[in-house]
Amino acid sequence: MVRIATWNVNSIKQRMPRFLPWLDERQPDVVCVQETKLTDAAISELLDDELERRGYQAAYYGQAQWNGVALLSKVGLDDVVRGIPDAPGFPDPEARAISATCGGIRVHSLYVPNGRTVGSDHYDYKLAWLEALRRDIAKGPDDAVVCGDMNIAPADADVFDPHAYIGQTHVTPPERAALAELQKLGLHDVVRERWPTERVFTYWDYRAGMFHQDLGMRIDLVLASGNVAQRVQAAWIDRKARKGTGPSDHAPVIVDLDEARDGDLGPMVPPPSSPRGPRKTTTLPQAR
DNA sequence: ATGGCCGTTTGAAACGGA
């Protein structure tokens, strides 16, 4: 089993008392982090020893004060790419994307621009950035997970009250269309597919007891290519991490994947005394 | 109806967040 998690921590420096115990409790194999708000030198100083002790490799793409993304992995961290080719800046490039190959899967940790107000320069930047992301993901490879704070609620069911968001960013048709175009590449929204009718949010405003009234939005997503989506054993939102003292305003999303197979579901029960080592590959007839 | 919090830079209050 491989456990992948994504979490907008809203400052890794402030979140340390919550982040390390969460790592130890959930023990994710791969972690996508957003809103680290630290330079690479500063986050390295803060985290490297703690992560090495826990068996993680880490890659950072940060800047001072705002934004910042990271990838942690216990299952390999190869071919790290910081940023998205030809992505727009505001006006300069921002630290909003990092990707790497972890356990055979291309993993993306994303912090999509907020958009601020509909029709603003930042809103246009958000849409252009999403188009650059779509072009990049379209290049492949086939086994991919696109994780992070997408800053878009995919549907009205993903906000506590659609009327409360009329005219606001995160729900407008152009934003939802940009997300849909990304998903048309074959990406599955694995949490919504697992919880098709449930009220599942990942973000609650700090103010006015929004969390305690469960008045939130689902804007942190795990989008998995077909080959990866087929392996999903569990997909859920870790609301416990939003409770208690000093939480982020976002909760982590956690997805468990079965081991990679060769396209079939395999035996229901592992055969007794199966030898360890690389799984033998079997060529299956391809549908056309 | 409005804002209600938290983090950033700072050294009071503005800005960003969603």
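Labels below follow one simple rule: chain letters A, B, ... track the order of the sequence lines, proteins then strands, and each chain is numbered from 1. The structure presented is a predicted model; accordingly, all values stated were derived computationally and were not measured. We use all heavy atoms of the structure for the numbers below, so side chains are in, but hydrogens, waters and symmetry mates are not.
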Query raised in the report: How is A:Asn151 classified with respect to the nucleic acid when contacts are heavy atoms under 4.0 Å: base, sugar-phosphate, or nothing?
Result: sugar-phosphate
Query raised in the report: When the nearest nucleotide of DNA chain B is assigned to A:Gly246 and to A:Tyr111 on a heavy-atom basis, which residue is associated with the more 5' position?
Result: A:Gly246
Query raised in the report: Is it true that the side chains of A:Arg218 and A:Thr202 contain a donor and an acceptor less than 3.5 Å apart?
Result: no
Report task. Could you label the plane-to-plane angle of the A:His250 and A:Tyr203 rings as parallel, tilted or perpendicular, counting under 30° as parallel and over 60° as perpendicular? Result -> tilted
Report task. Decide whether A:Thr172 and A:Tyr123 meet the rule of one side-chain donor and one side-chain acceptor closer than 3.5 Å. Result -> yes
Report task. Tell me what A:Arg15 touches on the nucleic acid: a base, only sugar-phosphate, or nothing, going by heavy atoms under 4.0 Å. Result -> sugar-phosphate
Query raised in the report: Taking the same atom, C1', in B:dA18 and in B:dC5, what whole-Å distance lies between them?
Result: 12 Å
Query - Pairwise P distance for B:dT10 and B:dC6, with rounding to whole Å - result: 23 Å
**Report entry** B:dA1 to B:dA13 separation - P atoms, rounded to the nearest Å
**Finding:** 31 Å
Query raised in the report: Reckon A:Glu35 touches a base, only the sugar-phosphate, or nothing at all at heavy-atom distances under 4.0 Å?
Result: sugar-phosphate
Query raised in the report: Which part of the nucleic acid does A:Phe211 contact within heavy-atom distance under 4.0 Å: base, sugar-phosphate only, or nothing?
Result: nothing
Query raised in the report: Rounding to the closest angstrom, what is the interatomic distance between B:dG4 and B:dA14 at atom P?
Result: 13 Å
Query raised in the report: Which value, in whole Å, describes the distance between the P atoms of nucleotides B:dC15 and B:dG3?
Result: 15 Å
**Report entry** Positional range of nucleotides in DNA chain B within the contact set of chain A, heavy-atom, under 4.0 Å
**Finding:** B:dG4 to B:dA18
Query raised in the report: Under 3.5 Å, is there a donor-acceptor pair between the A:Asn114 and A:His122 side chains?
Result: no
Requested in this report: Hey, which sits more toward the 5' end of DNA chain B by its nearest nucleotide, A:Asn67 or A:Lys13?
Outcome: A:Lys13
Report task. Could you identify which residues of residues 4-12 of chain A place a heavy atom less than 4.0 Å from some atom of DNA chain B, listed by residue number, or say none? Result -> A:Asn8, A:Asn10, A:Ser11
Query raised in the report: What nucleic acid atoms does A:Asp249 come within less than 4.0 Å of, heavy atoms only: base, sugar-phosphate, or nothing?
Result: nothing
